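Model, not experiment: these values are computed from the prediction. Chain letters run A, B, ... following the sequence lines, proteins first and then strands; every chain starts at 1.
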Amino acid sequence: MFAEGELLRRADALAGWSIAELAARLQIPLPERPERAKGFVGRLLEEALGATAGSRPEADFPALGVELKTIPLDSQGKARESTFVTYASVDELCGSDWESSRVRHKLARVLWIPIEARPGLTFSERRIGIPLLWSPNAAQEELLRADWERLSEALIAGEAGDVRGNVGQVLQLRPKAARAEVRSLQWDAEGFASLAQPKAFYLRAPFTTSIFAAANPIGGQ
DNA sequence: TATTGATCATGC
DNA sequence: GCATGATCAATA
């Protein structure tokens with residue numbers, strides 16, 4: 001396994017490539033219907049950088065503790081989408097605090113790879129940007145912790161897991177399932193089971209935008 | 001048009 | 001079914 005610096009160097013070397021060019025170099029065919037290939041760009045970058053976890057519940061680079069995330073940015077550097085972090089299960093949140101939470105561990109070290117995005121762009125037109133190796137600063141971590149605690153409490157308290165996506169300043173809980181009617185077994189604080197809609201933590205787009213803005217102040221490229 | 005809820009593909 | 005990777009698309 002290589003070091004963090006080597007990972008960043010490899011990611012830097014991809015900047016300027018388009019998604020189509022990178023796919024061609026890796027001999028990976030482009031999806032015929034891009035609108036149905038939601039995870040394609042993320043998997044392509046995993047492949048390009050040698051991530052090992054695949055679909056296993058691990059960091060993408062276990063030896064480094066680094067999580068790889070692609071993020072669609074528009075021409076102004078604004079994130080176009082929220083960022084999936086991890087599933088939220090009531091029983092796991094019950095005995096957990098922020099320090100030991102999966103959200104904190106997932107976000108402890110993230111290699112962000114911006115990908116040009118705006119409606120109508122093809123894979124040939126979507127270029128890879130300059131990567132950012134990030135850990136939350138004190139202010140960012142405080143925002144995340146406050147939201148995580150609020151959302152966790154709300155999820156645990158909610159009888160049917162009725163926390164909506166409008167709660168949370170930088171972090172939110174949203175449904176995450178193949179279909180809207182999917183329900184999964186959850187246990188509450190007293191150990192009672194119930195069926196609830198699976199939910200996951202997401203980073204709100206403005207927060208992700210601010211990560212790049214802070215790292216790339218006005219005037220920087 | 002930004003946000004929230006829903007969905008698509010893949011590998012066990 | 002669940003966790004990985006996200007983006008689509010209806011709604012507010």
To the nearest 0.5 Å, what is the distance between [atom1] ([X]) and [atom2] ([Y])?
X: A/Ile71; Y: A/Thr209; atom1: CD1; atom2: OG1; answer: 7.0 Å
X: A/Lys69; Y: A/Ile113; atom1: NZ; atom2: CD1; answer: 12.0 Å
X: A/Leu22; Y: A/Phe123; atom1: CG; atom2: CZ; answer: 11.5 Å
X: A/Ile28; Y: A/Leu44; atom1: CD1; atom2: CG; answer: 5.0 Å

Contact residues, residues 21-40 of chain A to DNA chain B [heavy atom, < 4.0 Å]: A/Arg36, A/Lys38
Which residue pairs pass the salt bridge (Lys or Arg N to Asp or Glu O under 4.0 Å) test when at least one of the two sits in residues 73-84 of chain A, sequence neighbours left out? none
Salt bridge (Lys or Arg N to Asp or Glu O under 4.0 Å) pairs touching residues 139-156 of chain A, sequence neighbours excluded, are A/Arg104-A/Glu141, A/Glu142-A/Arg145, A/Arg145-A/Glu149
Which residues, if any, of [range] bring a heavy atom under 4.0 Å of DNA chain C?
range: residues 169-187 of chain A; result: A/Arg174, A/Lys176, A/Ser184
range: residues 69-78 of chain A; result: A/Lys69, A/Thr70, A/Pro72
range: residues 102-113 of chain A; result: A/Lys106

Do the side chains of A/Glu47 and A/Arg43 get close enough for a salt bridge, i.e. N-O under 4.0 angstrom? no
Closest contact, heavy atoms only, [X] versus [Y]:
X: A/Leu171; Y: A/Leu151; answer: O-CD1, 3.6 Å
X: A/Ala117; Y: A/Pro72; answer: CB-CB, 3.5 Å
X: A/Phe40; Y: A/Pro29; answer: CE1-O, 3.8 Å
X: A/Lys106; Y: A/Glu67; answer: O-CB, 3.6 Å
X: A/Trp98; Y: A/Val103; answer: CZ3-CG1, 3.9 Å

Would you kindly give the [atom1]-to-[atom2] distance between [X] and [N], to the nearest whole Å?
X: A/Arg43; N: C/dA6; atom1: CZ; atom2: P; result: 8 Å
X: A/Tyr202; N: B/dA6; atom1: OH; atom2: C1'; result: 9 Å
X: A/Arg80; N: B/dT1; atom1: CZ; atom2: C1'; result: 10 Å
X: A/Leu45; N: C/dT4; atom1: CG; atom2: P; result: 18 Å
X: A/Lys199; N: C/dG1; atom1: NZ; atom2: P; result: 17 Å
X: A/Ile19; N: C/dT7; atom1: CD1; atom2: C1'; result: 14 Å
X: A/Asp60; N: C/dA6; atom1: CG; atom2: C1'; result: 13 Å
X: A/Glu58; N: B/dC12; atom1: CD; atom2: P; result: 14 Å

Kindly indicate whether the side chain of A/Leu107, heavy atoms from C-beta on, has any atom under 4.5 Å from the side chain of A/Leu203. yes
In the hydrophobic clustering (ILVMFWY, side-chain contacts below 4.5 Å, transitive), which residues join A/Tyr202, or is it alone? A/Phe84, A/Tyr87
Transitive ILVMFWY cluster of A/Val182, excluding itself - 4.5 Å side-chain cut-off: none
Between the axis at one end of the helix from B/dT1-C/dA12 to B/dC12-C/dG1 and the axis at the other (five pairs apiece), what's the angle to 10 degrees? 30°
Does a side-chain N or O from A/Arg204 land closer than 4.0 Å to OP1 or OP2 of B/dT4, or not? yes
With hydrophobic residues grouped by side-chain heavy-atom distances under 4.5 Å, do A/Leu8 and A/Val66 end up in a single group? yes
In terms of hydrophobic clustering (I, L, V, M, F, W, Y; side-chain heavy atoms under 4.5 Å; direct or indirect links), are A/Leu133 and A/Leu45 co-clustered? yes
Results of ring pair (Phe, Tyr, Trp, His ring centres under 6.0 Å) for A/Phe207 - residues two or more places apart only: none
Could you pull out the protein-nucleic contacts involving nucleotides 10-12 of chain C (nitrogen or oxygen on both sides, under 3.5 Å)?
none

Applying a 4.0 Å non-hydrogen cut-off, can you work out what A/Glu47 is touching in the nucleic acid: base, sugar-phosphate, or nothing? nothing
Quick one: side-chain hydrogen bond (donor to acceptor under 3.5 Å, both in side chains) pairs with a partner in residues 119-135 of chain A, sequence neighbours left out? A/Arg109-A/Ser135, A/Glu116-A/Arg127, A/Thr122-A/Glu125, A/Trp134-A/Gln140
